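Since the structure comes first, as structure tokens, the remarks are kept for the end.
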Amino acid sequence: MVISVINKKGGVGKTPFAFSIAKDLDMFLQSNDNSIIESIYPNKAKISKEPSLLENCVYDFGGFVDKGILDIVRQSDMLIIPCNELYNSILRTIETINEIQTLNKNIIVLVSDYKDEKDKNIIEEMLKSNLSDLEFFFFKHSKIIDNAMIAGLSFTELYNENVLSKLNYKNFFEEYNKLLHTLTKTKENKNVKKWA
Ligand SMILES: Nc1ncnc2c1ncn2[C@@H]1O[C@H](COP(=O)(O)OP(=O)(O)OP(=O)(O)O)[C@@H](O)[C@H]1O
Ligand SMILES: [Mg+2]
């Protein structure tokens, strides 16, 4: 399975989500953007300006998107687009989706880093009125995002650390676990098709 986490907008959480998904699903991780992934995910993460297409890999695409990257986007089994509540971020997200939807229609949007239900509804409404056929997951602001990068642990690993972490990260983890299940199902369906 190949997953691309992509958004032109920076600071939306591409790297933490890409890292955590790769680690939890035991996948490789490649990025075209500078980050600490090679040190927190040794042997399985690689940064390169021109990443190559690899089976069982999550791609974290930040910065400039060139042709080689669009080829990987086209061949991905799923595109994951994180977006936060900033107006500019929503606009850039709509722009990104409009551009890549022509290449690949399997898109999951992560509405992330919002503070309350009101903000969540505004983002969802804005995205849904400008785009169609998208699947949404919702991640309220949580320290788990920064902690994953600091500790080099996936969201599942952080959640399972102790009783307190299970309490603190409960809502975030429930939604994340649903996302992992959706991705696992995508992988199973792909394998069924391959052998059918
Ligand atoms: N649910 C959330 N809770 C807390 N922070 C979040 C959440 N979702 C996204 N973030 C943001 O993600 C940031 C970390 O992600 P990062 O800046 O690496 O994103 P990125 O999209 O990879 O950016 P870049 O394009 O610069 O590489 C945090 O500082 C925070 O602002
Ligand atoms: Mg990044």
Side-chain angles (χ1 to χ4, degrees), residues 3-24 27-41 44-49 51 57-66 69-70 72-73 76 78-97 99-100 107-124 126-127 136-159 165 167-180:
I3 298 170
S4 292
V5 182
I6 182 168
N7 194 334
K8 285 188 196 178
K9 179 78 180 72
V12 291
K14 291 185 295 285
T15 303
F17 275 105
F19 160 68
S20 184
I21 291 167
K23 199 168 188 200
D24 282 335
M27 297 172 77
F28 294 106
L29 176 61
Q30 286 196 68
S31 178
N32 66 336
D33 206 8
N34 278 337
S35 69
I36 55 164
I37 56 165
E38 287 177 331
S39 61
I40 61 174
Y41 198 36
K44 298 203 88 169
K46 191 176 157 212
I47 294 173
S48 142
K49 280 294 152 212
C57 186
V58 180
Y59 292 87
D60 165 20
F61 287 140
F64 181 70
V65 174
D66 65 18
I69 285 161
L70 292 179
I72 295 176
V73 166
S76 295
M78 193 58 78
L79 307 179
I80 295 180
I81 326 275
C83 173
N84 64 26
E85 64 180 351
L86 300 177
Y87 185 66
N88 183 253
S89 165
I90 301 172
L91 294 183
R92 300 282 281 168
T93 299
I94 293 169
E95 224 174 87
T96 302
I97 295 174
E99 278 175 37
I100 59 177
I107 297 178
I108 288 175
V109 179
L110 311 183
V111 173
S112 197
D113 208 13
Y114 58 87
K115 308 289 183 298
D116 54 38
E117 288 298 300
K118 192 173 134 262
D119 286 345
K120 173 192 154 181
N121 292 338
I122 292 172
I123 311 171
E124 187 181 5
M126 237 181 115
L127 291 170
F136 287 86
F137 287 84
F138 297 93
F139 297 96
K140 197 172 176 178
H141 179 82
S142 167
K143 285 203 168 69
I144 200 170
I145 293 269
D146 286 342
N147 288 345
M149 302 306 279
I150 293 165
L153 295 174
S154 73
F155 301 149
T156 305
E157 290 170 326
L158 279 176
Y159 171 80
S165 58
L167 212 67
N168 281 335
Y169 301 143
K170 184 175 179 291
N171 292 336
F172 188 103
F173 182 72
E174 269 174 21
E175 188 73 353
Y176 175 68
N177 216 15
K178 273 192 232 158
L179 173 65
L180 288 185

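Indexing begins at 1, ligand by ligand and atom by atom, following the structure's order. All of these numbers come straight from a predicted model, not from anything done at the bench.
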Could you list the atoms of ligand 1 found under 4.0 angstrom from a heavy atom of D146? 28 (C), 29 (O)
For ligand 1, which atoms, with element, lie under 4.0 Å from some heavy atom of K140? 1 (N)
Minimum distance, heavy atoms only, to [atom]: which one of [options] is it?
atom                    : options         : value
atom 13 (C) of ligand 1 : S112, G11, S89  : G11
atom 6 (C) of ligand 1  : D113, V5, D33   : D113
atom 18 (O) of ligand 1 : A148, P16, S142 : P16

Are V58 and F19 close enough, and set up right, to give a side chain to side chain contact (heavy atoms under 4.5 Å, CB included), and what steps lead you there? CA-CA 8 Å; V58 180; F19 160 68; over 6 Å; no
Could you say whether the N/O atoms of G10 and ligand 1 ever approach to under 3.5 Å? no
Side chain or backbone, does V12 bring an N or O within less than 3.5 Å of an N or O on ligand 1? yes
Which one of K140, K115, K120, K118 satisfies the salt bridge (charged side-chain N to carboxylate O under 4.0 Å, His left out) criterion with E85? K115
Pairwise distance CG(L79) to CD1(I107) - rounded to 0.5 angstrom: 5.5 Å
Polar side chain donor-acceptor pair, Y169 to N147, under 3.5 angstrom: yes
What's the shortest heavy-atom distance between V5 and A18, and which atoms? CG2-CB, 3.8 Å
How about T15: does one of its N, O or S atoms come closer than 2.8 Å to the Mg ion (ligand 2)? yes
Both conditions, 6.0 Å and 45 degrees, for the charged tip of K44 above the ring of F28: are they met here? yes
